[in-house]
Amino acid sequence: MWIPVLCLLAVAAADQPKTNAADDMLNEVFKQHLEEQFAQHPLGATRQGDHRFDHLLDDVSPAARAKWPKRIAATLEKLRAIDVKSLSRGSQIDYEIFVNHLTYQLWASENVKPFEQDPRTYNEYISESVFSLLTQSTQPKAVNIRNSIARMGQIPQVVAAAKASLKHPPRAVLETAITQNRGSILFYERGIYAAAGESAQLSLLRPAAEPVVVALKEYQSFLEKELLARADGDWRIGKEKFARKLEFELDAGISADEVLAEAQVEFDRVRRDMYVLARQMWGQLFPKQPLPPDDVPGRAETIRAVLAQLGKRHSKPDELLKDARDSVGQIKSFISQHDILRLPEPDRCQVIEMPEFQRGNSVAYLSPAPPLDPQAASLYAVSPPPKEWEAARANSLLEEYNQYMLQILTIHEAYPGHYVQLEYSNRHPSLIRRILSSGTFAEGWAVYTEQMMLDQGYGQTDPALRMNQLKFYLRAVANAILDHNMHCTQMTDDEALSFLVNEAFQSDGEARLKIVRAKQTSCQLSTYFVGRMAFYRLRQTIQREQGKEFDLGRYHEAVLANGTLPVKYLPELTRERLKSPR
């Protein structure tokens with residue numbers, strides 16, 4: 001059954017608090033914006049849960065893309081007609097979020113050109129567009145297969161647009177796109193049938209997939225031979241653009257220089273905590289060896305040795321996914337027993353093996369249920385070491401994501417991290433907040449929960465678990481430093497590798513992946529640290545204010561009740577929410 005998005009929005013609006021004329025005008029402008037946005041960007045509509053356009057793919061040709069900024073500018077003009085002072089406080093916040101989003105899009109259209117410089121952009125249309133229909137859509141399976149077939153027929157146009165648009169991409173970005181496209185070929189050769197499952201229409205997929213495989217193999221040749229030969233683009237965006245983009249991306253009221261200065265202070269603090277813990281564990285792990293000297297190199301040696309010893313307790317390559325699944329039960333049980341917050345019911349989170357076309361620079365991700373299709377599944381995807389990796393490389397990854405780190409990863413990605421937070425977010429009455437979510441909020445909450453869970457007793461105060469949590473958090477702090485230095489200075493790969501391995505205690509393999517990621521993104525790596533600090537400070541402040549009346553579960557639910565919005569609004573809105581019963 002096809003439901004127009006305006007009907008979906010009308011249903012959502014039924015849950016909205018009472019509004020005034022200015023609020024209604026803002027909501028109407030946003031609804032119209034979504035109508036135009038979804039018609040122009042069918043994949044974006046699918047991601048948000050509007051299934052009317054599931055049979056279409058975006059026109060990403062240069063001519064079509066040239067029209068996109070004009071529509072955004074027109075929407076901004078409509079917003080300027082609204083009397084902001086007449087808006088309710090909640091709608092004033094929504095207005096500011098909407099304006100920042102549109103202004104950022106216009107700025108990015110001039111200063112960030114992914115369709116010309118980032119071939120990974122096209123991979124989303126090539127593979128995710130079909131995979132998401134077959135794995136997350138709540139439409140009937142027959143409808144999803146029919147729409148998948150229709151989209152597959154449009155993939156050659158996406159490939160043609162890529163060939164016409166990509167000129168001089170950065171080599172580091174192109175190399176990941178090449179790997180991901182190989183995964184796309186494998187997906188259409190065999191993975192698509194597993195994703196579709198048992199269906200009477202399964203026989204229709206093969207004749208639709210075969211031409212896609214041919215087109216993608218030709219595209220692979222283009223990427224590896226023609227485009228790689230001219231992949232000399234600069235991945236650094238420079239200090240000025242970085243600072244401006246960070247303001248848009250974080251929307252946290254903090255400058256790029258302030259983020260760096262704060263991260264450097266926190267980096268030193270976390271290393272001190274790690275040394276205290278490592279020194280306490282030394283005698284048990286190395287009973288016949290003297291503790292290294294208590295100086296700068298000795299402290300680093302102590303931390304590194306303890307982490308290496310703990311890393312030996314890890315999964316086998318073919319059991320990493322199973323072990324991630326097994327970690328879910330004990331974590332959920334702890335959350336319920338200790339009233340960390342109320343978990344979503346029913347639980348729609350599925351732990352899956354990451355598709356090969358999405359691998360490249362992370363071991364796990366959470367793909368949440370779309371805001372307009374909140375009954376859909378959320379996917380916690382884990383990537384085991386590729387079978388073609390040599391044993392030493394695979395073992396390095398498994399040591400990094402050992403039995404302790406895997407639990408921290410599940411806390412971050414799923415419970416009570418991303419999955420739980422985004423399920424709460426999908427309940428918020430504001431459509432603007434549900435659609436225009438803040439990455440700083442999402443990542444900050446996930447990082448905050450890692451320490452919070454252990455502080456409340458998860459893991460029975462096991463120092464090995466705490467040591468890995470501190471290492472994982474140090475990674476978040478290092479992300480912000482690396483993000484700034486890679487794009488605002490002439491930091492070399494060797495300097496970045498030395499920083500991550502020698503100072504942040506990361507494995508060589510993990511560090512190299514992070515360097516690639518830093519080149520392929522800018523500002524996103526800063527969201528983890530900035531968001532976590534916002535949540536941490538808010539917790540300390542409100543707990544001091546409330547004293548003995550402070551209730552952790554109630555506080556967490558009050559924080560999550562506001563939607564996934566910029567963290568600068570959290571103090572005001574959380575205090576207001578705490579005035580109401582839980």
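Between the side chains of Arg151 and Thr46, at least one donor N or O sits under 3.5 Å from an acceptor N or O. Residues Asn123 and Gln180 have side chains that bring a donor and an acceptor to within less than 3.5 angstrom of each other. No side-chain donor-acceptor contact under 3.5 Å links Thr574 and Tyr555.
Ring centers of Phe499 and Phe267: under 6.0 Å apart, within the cut-off. Centroid-to-centroid, the aromatic rings of His556 and Tyr448 come within less than 6.0 Å. Taking the six-membered ring where the residue is Trp, the centroids of Phe38 and Phe53 are separated by 6.0 Å or more.
A side chain to side chain donor-acceptor pair (under 3.5 Å) with Tyr458 is found for exactly one of Glu450, Gln469, Gln407, namely Gln407.
Other residues, nucleotides and ligands contribute over 12 non-hydrogen atoms within 6.0 Å of the CD atom of Gln540.
Both the sub-6.0 Å distance and the 45° axial angle are satisfied by Arg532 relative to the ring of Tyr473.
Remark: side-chain polar atoms of Asn468 are paired, donor with acceptor, to backbone N or O of Ala464 under 3.5 angstrom. With His101 contributing its side chain and Ile97 its backbone, the two residues share no donor-acceptor pair below 3.5 Å. In this structure, the side chain of Ser378 engages the main chain of Ala369 through a donor-acceptor pair within 3.5 Å. Judged purely by atom type and a 3.5 angstrom limit, Ser437 has no side-chain atom pairing as donor or acceptor with the backbone of Arg433. Between the side chain of Lys568 and the backbone N or O of Ala534, no donor-acceptor pair lies under 3.5 Å. The backbone N or O of Leu379 sits nowhere less than 3.5 Å from a side-chain atom of Gln350 that would complete a donor-acceptor pair.
The line from NZ of Lys316 to NZ of Lys322 is 11.0 Å long, rounded to the nearest 0.5 Å. Taken from OG in Ser132 to CG in Leu43, the straight-line distance is 6.5 Å, to the nearest 0.5 Å.
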